[in-house]
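Positions are given from 1 along the sequence.
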Amino acid sequence: MDTYHERAALRSRLQGARAQGLRIGLLPTMGNLHTGHIALLEDLRQACDISVCSIFVNPTQFGAGEDFDRYPRTLPQDQEQLAAAGCDLLFAPSVAEMYPHGLTALTTVTVQGLQEGLCGAHRPGHFQGVASVVCKLFNIVQPDVAIFGEKDYQQLAVLRRMSQDLDFPLRILAGATRRAEDGLALSSRNQYLRPDERQRAPMLYRTLQQMRDAILSGIDDYRMLESSATGLLEKSGFRTDYFSIVDADSLEPAGTQTQHLTLLVAARLGETRLIDNISVNLAAAR
Ligand code: PAF
């Protein structure tokens, strides 16, 4: 696997591949890779001829007081994992390479309607930072296909909409959430959890499953389910940013007519913010 730190060098390498008619696939990451990322790479490799993974801890998607400085940076270990998993190219730029004009007066992308609620309400500017950096990565790599994890459900929705609205000629794949045996969704941030917090963390997924089962049993008072889920989580020591039952596409609050629902949660255990989600297709279930 070859590693590139500069846009120009990566671009010229990819031009050659494109000229040979090879399909290029992109897996954008912030590094500190775990088996969830490697599973996404495996899914991506099924859909392309040349796989490119990017590792960039993007400062513009972190708010003041968030974990940008302590976000784990583990490039040598990541390189080993990617090479062993058959990744073809790694793009690992510096902040100066990605933002040559600095971070204060940036050209940005906003995805109105999808970026403001849920995590966007608790992390102002986050999705603008994500959409803008992914837009740059799409322009640098010009992939035929890109993959993002379903764990970051709102991110996936924002990036799908951005890609449609800005006419990127590529396919976006959604990679299923990979979980530890006890159900906790794999995330680089899980390593921040203290041992007692790690023991309690699977309650997040269990609560999602419980509310999903309630919906499948016919309960459609979604606001009541949201507050009962929040109560359960708070009792177990979580501080809940939100537990929301929304339309899977629009991310608007679900109502009794909604057929395809997604249950989304963001909650803090100690210093660590965890997110997870589960989808229910009532049309298919009935
Ligand atoms: O999901 C992530 O790791 C990041 O938000 C992404 C998509 C790589 C953009 O920085």
Side-chain angles (χ1 to χ4, degrees), residues 4-11 14 24-33 37 40 44 52-71 73 75 89-175 187-189 250-251 264 266 273 275:
Y4 292 84
H5 298 287
E6 286 163 11
R7 291 165 291 169
L10 176 70
R11 271 217 182 103
L14 288 172
I24 296 164
L26 173 65
L27 166 61
T29 80
M30 297 204 301
N32 193 237
L33 304 179
H37 292 111
L40 289 177
L44 179 70
V52 182
C53 176
S54 65
I55 294 185
F56 180 60
V57 185
N58 173 37
T60 69
Q61 68 188 73
F62 289 80
E66 291 191 348
D67 56 345
F68 175 68
D69 287 331
R70 70 175 176 133
Y71 199 88
R73 287 149 171 95
L75 187 61
L89 306 177
L90 169 62
F91 179 49
S94 64
V95 172
E97 177 68 13
M98 285 298 273
Y99 298 111
H101 303 291
L103 295 172
T104 46
L106 288 166
T107 301
T108 57
V109 177
T110 54
V111 183
Q112 287 176 0
L114 289 179
Q115 71 170 33
E116 298 87 2
L118 303 165
C119 282
H122 295 269
R123 304 186 67 190
H126 171 68
F127 288 114
Q128 183 169 306
V130 170
S132 304
V133 79
V134 171
C135 185
K136 284 171 70 64
L137 290 168
F138 283 178
N139 281 321
I140 293 165
V141 175
Q142 297 177 24
D144 298 285
V145 53
I147 191 162
F148 299 90
E150 269 176 347
K151 183 182 77 75
D152 297 291
Y153 191 88
Q154 187 177 11
Q155 168 171 284
L156 179 62
V158 163
L159 295 175
R160 278 196 158 132
R161 177 71 60 78
M162 176 198 76
S163 185
Q164 286 164 9
D165 286 352
L166 299 183
D167 295 305
F168 281 105
L170 58 85
R171 196 154 57 97
I172 291 192
L173 303 178
S187 162
S188 302
R189 289 190 168 103
S250 68
L251 307 188
L264 295 148
R273 187 173 187 275
I275 59 172

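Nearest approach of L89 to Y4, heavy atoms of both residues: CD2-CE1, 3.9 Å. Looking at every heavy atom in both residues, I275 comes nearest to A266 through CG2-CB, 3.7 Å. The two atoms that bring N58 and M30 nearest to each other are N-SD, 3.9 Å, heavy atoms only. The two residues I147 and P28 have their closest heavy-atom pair at O-CD, 3.5 Å. Residue S163 comes nearest to L170 through the heavy atom pair OG-CD1, 3.7 Å, listed as atom of the first residue, atom of the second, then distance.
Residues T104 and L106 form no side-chain contact, since every pair of their non-hydrogen atoms from C-beta on lies 4.5 Å or further apart. Two residues are said to be in side-chain contact when any heavy atoms from C-beta on lie closer than 4.5 Å; V52 and P143 fail this criterion. Using a 4.5 Å heavy-atom threshold, the side chains of V158 and V130 count as separate. Residues E6 and R11 fail the side-chain proximity criterion, which asks for heavy atoms closer than 4.5 Å. Looking at I172 and L156, their side chains come closer than 4.5 Å, going by heavy atoms from C-beta outward. By the 4.5 Å heavy-atom criterion applied to side chains, L114 and Q154 are not counted as neighbours. A heavy-atom distance below 4.5 Å is found between the side chains of F56 and V133. F127 has its side chain out of reach of E116: every pair of non-hydrogen atoms, C-beta onward, lies at least 4.5 Å apart.
If you take OG on S132 and CG on L137, they are separated by 11.0 Å, rounding to the nearest 0.5 Å. To the nearest 0.5 angstrom, L173 atom CG is 9.5 Å from L40 atom CG. Rounding to the nearest 0.5 Å gives a distance of 9.0 Å between CZ of R171 and CG of D144. The distance from atom OG1 of T29 to atom CD1 of I55, rounded to the nearest 0.5 Å, is 4.5 Å. If you take CZ on R160 and CZ on F148, they are separated by 10.0 Å, rounding to the nearest 0.5 Å.
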Legend entry - From CA spacing to verdict: side chain to side chain contact (heavy atoms under 4.5 Å, CB included), V134, M162: CA-CA 9 Å; V134 171; M162 176 198 76; 4.2 Å; yes
Legend entry - L26 vs V145, side chain to side chain contact (heavy atoms under 4.5 Å, CB included): CA-CA, chis, key distance, verdict: CA-CA 6 Å; L26 173 65; V145 53; over 6 Å; no
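A donor-acceptor pair under 3.5 Å is formed between the side chain of H126 and the backbone N or O of Q61. Formation of a donor-acceptor pair under 3.5 Å by the K136 side chain with backbone atoms of M98 is found in this model. When atom types are taken as modelled, the side chain of T110 and the backbone of Q128 share no donor-acceptor pair closer than 3.5 angstrom. A donor-acceptor distance shorter than 3.5 angstrom exists from the side chain of Q115 to the backbone of V111, with no hydrogens or angles considered. Between the side chain of S54 and the backbone N or O of F91 there is no donor-acceptor pair closer than 3.5 Å. In this structure a side-chain-to-backbone donor-acceptor pair under 3.5 Å is present from S188 to N32. Within the 3.5 Å criterion, the main-chain N or O of A92 finds a donor-acceptor partner in the side chain of H5.
Residues satisfying the side-chain contact (heavy atoms from CB on, under 4.5 Å) criterion with R73, sequence neighbours excluded, are V57, F68, Y71. S94 is linked by a side-chain contact (heavy atoms from CB on, under 4.5 Å) to A96, E97, counting only residues two or more places apart in sequence or in another chain.
R273 and D67 are not joined by a salt bridge, as no carboxylate oxygen comes within less than 4.0 angstrom of a charged side-chain nitrogen.
Aromatic ring centres of F168 and F138: separated by under 6.0 Å.
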